[in-house]
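Keep in mind that what you see is a predicted model, and the values were worked out from it rather than measured. For ligands, and for the atoms within them, numbers begin at 1 and follow the listed sequence.
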Amino acid sequence: MTVTDANSPNINRVLVVDDDPLIIAEYVRCLGEGFEPDSATATLTDLEKVLFGEETDDRGAAKFEVHSRNQGEAAVEAVSAAIGKGKPYSIVFLDIRMPPGMDGIEAAKEIRRLDASVNIVIVTGSASPEPENLGKVIPPADKVFFFKKPFHALECRQLSAALCGKWHSDRALRSANEALEKRVAERTAALQKIAYFDIVTRLPNQLLLIEELKALIEKAEETDGDTVAVLIDIDRFSFINETMGYDAGTELLRSIGNRLSRTFCDESGRQHAVVGRFGADEFAILLPGVDNDTEIRDITETIRDTVEAPFLINGRDLFLNARIGVAWHPVHGRDAKSVFRCAEAALHRSKRGLKSSITYYHSEMRYRARYKFDLEGELRSAIDNGQICAHYQPQESTVTGNLAGVEALARWIRPDGSTVPPSDFVPLSEEIGISDLLFESVMRSVCADVAEWRRQGEWNIPVSVNLSAHQLRNRDLVSLIKGILTSTQVDKKLINLELTETVLLEDLTVAQPVLDDLAAFGVGIHIDDFGTGYSSLSYLAQLPVQTLKIDQAFIGKLSESGPNNRVVEAIIALGKAMQLDVIAEGVETDQQYAIVRRLGCDLVQGYFIARPMAADRLLKWVEGFEDTQSIKKRSIIVDIDKNRQ
Ligand code: C2E
Ligand code: MG
Ligand code: MG
C-alpha cells in the first residue's frame with residue numbers, strides 16, 4: 001500500500017510488517033500525509049525539521065512512503081525487490097509473532113543479510129526478546145531497535161522520523177567515504193604509476209620489471225616453457241646524448257621503447273612480452289612460455305635487428321649497436337632477482353665485445369661476476385695506494401739495432417707480490433668509470449721512472465703509454481698530461497700515446513679534437529693493434545699520427561712464404577706511403593724478426609727482444625743489450641739472410 005508519491009527522491013520508505021490489519025492501518029494513519037499533529041507534537045515537528053530539512057512536507061512534517069506486508073516471508077521478498085529497484089527501505093517495522101509463517105526475528109535476520117543499512121525495528125507486546133540482546137541477534141547493534149506495542153501514534157512518527165534521518169545521514173556518510181576511498185585509490189594508482197613506470201618511455205621501470213618477472217615465474221610453475229629475461233644496452237647512448245643533445249636522446253629512448261613494444265604486440269594489440277626500461281640506456285624484455293633454445297635465439301636476434309634498424313632522429317638516420325644479455329628461468333635462476341643477475345652478467349660479457357653482440361648466460365659467468373665484484377673494490381684501493389706501476393718492453397730499430405723506444409704496460413702488484421694482468425683490470429676500470437684515475441696513476445708512475453732514469457744517466461728514449469677509449473672523452477686529458485710532465489720535469493718529446501685502432505674508429509668525432517690538442521701540445525700518437533678493425537683508411541690522413549703498430553695476430557702468422565705476409569707487407573707499404581713509422585709487435589722468433597725486417601719494418605717489439613720488465617731492471621738491461629744482445633742478434637739476422645740467399 002502506497003500513501004505518498006513513490007517517485008519523490010526525498011521520500012522515506014518504510015515497510016511495516018504485521019499480521020494484524022488494524023495495526024497496519026494505525027501505522028498508515030500516523031505516518032500518512034493527512035496526519036494532524038496536536039499541540040503536544042509541536043516540539044516533535046520542530047525536531048523533524050532539524051532532522052530532515054528538505055525532506056519535510058509543506059507543513060514541516062516528514063514524508064513517508066509506507067508499504068506493508070502481513071507475513072515474514074513476504075517482508076523479505078519486499079526488501080529484496082526494493083533493493084532490486086534501487087529504492088531500499090529506511091526502516092522495517094517487524095511484528096514478532098505472525099503465524100503461520102516465519103517469526104519477526106527470523107525475518108529480521110534474512111532482511112539484514114539482504115540489506116546492511118536498513119533500520120530494523122522489532123515490535124512486540126511482550127519484553128521478549130530482551131531489547132539489549134537484539135544487537136547480538138541481528139547485528140549491527142546501531143541498526144536494530146525495540147518498540148513496544150501498543151504504541152502511541154506520535155511515538156511511532158517520531159521514531160520513524162529519527163531513524164529515517166539517521167538512515168539518510170549514514171548513507172551520505174557512506175557515499176562520502178566511498179568517494180574518498182575512490183580518490184585515495186586513484187591517487188595511489190597515480191603514485192604507483194610514478195613509482196613503477198619510467199617517465200620518458202612510459203614503460204615499466206626496473207622495480208616493476210622485477211615484480212612482473214616474479215609474477216611470470218609464479219605462473220610458469222603451472223605452465224610449460226621457460227621465462228626469458230633479455231637485457232639490451234644501447235651502445236654509446238651517452239655519446240649520442242652529448243653530441244645530439246638531451247632532447248634527441250630522449251626522443252631516441254622513446255622510439256626504441258615504442259619499437260620494442262610493437263615488436264611484441266599482436267594484431268589485436270595484445271602484448272605477449274613485458275617491455276620495460278631497466279636503466280639509463282638499458283631495456284628489458286620478459287618473455288613467458290619459451291619452449292626451446294632455437295626460439296630464444298630467434299627472439300633475441302629479432303630484438304637485435306629491431307634496435308639496429310635505423311632511427312630517424314632530428315632528420316638524421318641513427319644506426320645503433322645493441323649489446324644483449326640473456327638468461328632464463330628455471331635454468332639460470334629460480335627467482336626473479338637471480339635471473340636478472342644472470343642476464344646482467346651476460347650483458348657485461350656482451351659489452352666487452354667490439355660491436356653488437358648477444359651473450360647467453362652460462363654458469364662460469366657467476367664465478368667471473370663474483371671475481372669481478374671483489375676485484376672492483378680492490379682496484380679502487382690499489383690505485384689509491386700506489387699498487388699500480390708500469391713495466392717496460394723495449395722496441396728495437398731494425399735499421400740500427402739500437403733501442404728505439406719502450407712501451408709502458410700497466411701492472412698491478414698486490415701486497416703479496418702477485419700480479420693482476422691488465423686484461424683483467426683495464427677493461428674493469430673502464431666499466432666502473434675509473435679509467436681516468438688508472439691512466440693518471442700509470443702516467444705518474446711512468447714520468448717518475450723516466451725522471452729517475454734521467455737522474456741515473458743519459459735517458460732520451462721515448463716511452464709509449466696506452467690510452468683507453470674513455471680517456472678520449474676526458475676534456476681535461478691534455479691539461480692532466482701537461483701537469484704531470486711539468487711536475488716531474490719530463491720532456492713531452494719523450495712521451496708517445498698509444499690508442500687502439502678500434503677505439504679511434506668508434507669515436508672518431510670525439511677522438512679527432514682530443515688528438516689534435518695532444519699533437520699540438522707535442523706528444524706523439526701511435527695507433528696500436530693496427531690492421532684488425534679498419535673499414536676505411538681515410539681517417540689516417542686526418543689524424544696527427546706518427547706510428548702504426550701492426551697487430552700481434554699478423555706477426556704470429558708470419559711464415560717464409562705465407563699469404564699473411566702480404567697483409568704485413570701492405571701495412572708497411574701504407575706506413576711508408578704516409579710517412580709513418582711501423583712497429584711490428586709480438587715478435588717472438590728470429591724468423592719473425594728477419595721477415596719483418598726484410599719487409600721494411602722500422603721497429604720491432606716482442607719477446608724476441610725482451611719481455612716487459614720492471615723499471616729498475618730496464619737500465620741494466622739496456623746496458624747489456626747495447627754491449628752484447630744486439631751484436632748477437634745482428635749476427636743471427638745475417639745468418640738467416642745468408643741462408644735465404
Ligand atoms: P698492447 O698495448 O697491444 O700491449 C702489448 C701486449 O702484448 C702486452 O701485454 C705485452 O706484454 C704483450 N706482448 C709483447 N710482446 C709479446 C710477444 O712477443 N708475444 C706475446 N704473446 N705477447 C707479447 P700486456 O702487458 O698483458 O698488455 C695487454 C694489453 O693491455 C695491452 O695491449 C694494452 O692494450 C692494455 N694495457 C696495458 N697497459 C695499459 C695501460 O696502462 N692503459 C691502458 N688503457 N691499456 C693498457
Ligand atoms: Mg699498446
Ligand atoms: Mg698492441
Side-chain angles (χ1 to χ4, degrees), residues 352 354 379 382-383 387-396 405-413 419-447 449 462-474 477 480-481 484 495-504 506-507 511 524-533 545-558 568 571 582-593 595-596 601 603-615 618 633:
R352 283 166 52 193
L354 283 179
L379 178 58
I383 294 175
Q387 286 172 27
I388 307 289
C389 66
H391 278 196
Y392 299 89
Q393 188 174 33
Q395 297 162 342
E396 185 191 300
V406 291
E407 178 176 8
L409 293 156
R411 293 290 179 266
W412 170 3
I413 320 276
T419 32
V420 183
S423 53
D424 272 6
F425 68 86
V426 173
L428 177 68
S429 75
E430 291 175 16
E431 236 170 74
I432 61 178
I434 57 169
S435 70
D436 286 338
L437 291 178
L438 178 68
F439 169 74
E440 187 177 343
S441 120
V442 172
M443 192 69 199
R444 283 192 192 286
S445 149
V446 166
C447 289
D449 291 337
V463 184
S464 302
V465 181
N466 290 282
L467 278 186
S468 71
H470 285 246
Q471 267 97 63
L472 289 184
R473 302 208 181 105
N474 180 357
L477 184 65
L480 173 75
I481 294 174
I484 299 174
I495 299 296
N496 295 317
L497 297 172
E498 276 189 20
L499 274 147
T500 64
E501 191 188 20
T502 40
V503 160
L504 274 179
E506 244 181 53
D507 274 351
I525 313 280
H526 294 185
I527 301 188
D528 206 355
D529 303 345
F530 187 79
T532 44
V545 170
Q546 288 87 47
T547 304
L548 303 181
K549 289 183 88 173
I550 309 173
D551 193 80
Q552 305 198 12
F554 298 115
I555 307 299
K557 288 183 200 147
L558 284 176
V568 174
I571 295 175
V582 180
I583 304 183
E585 193 176 14
V587 173
E588 292 184 347
T589 66
D590 51 0
Q591 194 194 32
Q592 288 166 351
Y593 185 98
I595 295 172
V596 294
C601 188
L603 298 153
V604 166
Q605 178 184 343
Y607 294 168
F608 179 62
I609 313 296
R611 286 183 178 253
M613 63 191 89
L618 187 68
K633 211 173 305 127

With atoms numbered from 1 as shown, which atoms in ligand 1 lie under 4.0 angstrom from a non-hydrogen atom of [X]?
X      : value
Ser468 : 44 (N)
Asp528 : 1 (P), 2 (O), 3 (O)
Val442 : 41 (O)
Val426 : 43 (C), 44 (N), 45 (N), 46 (C)
Leu409 : 4 (O), 8 (C), 10 (C), 11 (O), 25 (O), 27 (O), 37 (C), 38 (N)
Ala410 : 37 (C), 38 (N), 39 (C), 40 (C), 41 (O)
Leu467 : 44 (N)

Which atom of [X] lies closest to which atom of [Y], heavy atoms considered:
X      : Y      : result
Asp528 : Glu407 : OD2-OE2, 4.3 Å
Glu498 : Asn466 : OE1-OD1, 3.0 Å
Gln395 : Ser464 : NE2-OG, 4.3 Å

Do me a favour and list the nearest non-hydrogen protein atom to [atom] with residue, atom name and distance?
atom                    : value
atom 11 (O) of ligand 1 : Pro612 CG, 3.4 Å
atom 15 (N) of ligand 1 : Gln393 NE2, 2.9 Å
atom 19 (N) of ligand 1 : Glu588 OE2, 2.5 Å
atom 5 (C) of ligand 1  : Glu585 OE2, 3.0 Å
atom 6 (C) of ligand 1  : Gln552 NE2, 3.4 Å
atom 30 (O) of ligand 1 : Pro422 CB, 3.6 Å

Does any N or O in the side chain of [X] come within less than 3.5 Å of the main-chain N or O of [Y], such that one atom is a donor and the other an acceptor?
X      : Y      : value
Gln546 : Ile525 : yes
Gln393 : Ala610 : yes
Glu501 : Ile527 : no

- Query: Would you call Leu499 and Leu472 a side-chain contact if the rule is heavy atoms closer than 4.5 Å?
  - Reply: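 Leu499 reaches Leu472 side chain to side chain.
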Is it the side chain, the backbone, both or neither of [X] that has a heavy atom closer than 4.0 Å to ligand 1?
X      : result
Glu407 : side chain
His391 : neither
Val587 : backbone

- Item | Within-cutoff protein neighbour (heavy atom, under 4.0 Å) for atom 9 (O) of ligand 1 |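 Within 4.0 Å: no protein heavy atom nearby.
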- Message: If you scan the protein for heavy atoms around atom 42 (N) of ligand 1, do you find one that is closer than 4.0 Å?
- Response: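 Yes, at least one protein heavy atom sits under 4.0 Å from atom 42 (N) of ligand 1.
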- Message: With a cutoff of 4.0 Å, is Pro421 in contact with ligand 1, counting heavy atoms of the residue only?
- Response: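 Heavy atoms of Pro421 never come under 4.0 Å of ligand 1.
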- Task: On the 0 to 90° scale, with breaks at 30° and 60°, tag the Trp412-Phe425 ring pair as parallel, tilted or perpendicular.
- Result: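 Perpendicular.
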- Pick, from Tyr607, Phe425, Phe608, the option with the minimum heavy-atom distance to atom 17 (C) of ligand 1.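 Going through Tyr607, Phe425, Phe608 one by one, Tyr607 has the nearest heavy atom to atom 17 (C) of ligand 1.
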- Message: Heavy atom to atom 33 (C) of ligand 1, shortest distance: which of Val446, Val465, Asn466 holds it?
- Response: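 Selected option, by shortest heavy-atom distance: Asn466.
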- Query: So Ile481 and Leu497, side-chain contact (heavy atoms from CB on, under 4.5 Å) or not? Walk me through it.
  - Reply: CA-CA 11 Å; Ile481 294 174; Leu497 297 172; 3.8 Å; yes
- What number of protein N, O or S atoms occur at distances under 2.8 Å from the Mg ion (ligand 2)?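 That number is 4, waters not included.
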- So among Ile413, Thr419, Leu618, which one has a side chain to side chain contact (heavy atoms under 4.5 Å, CB included) with His391?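 That would be Ile413.
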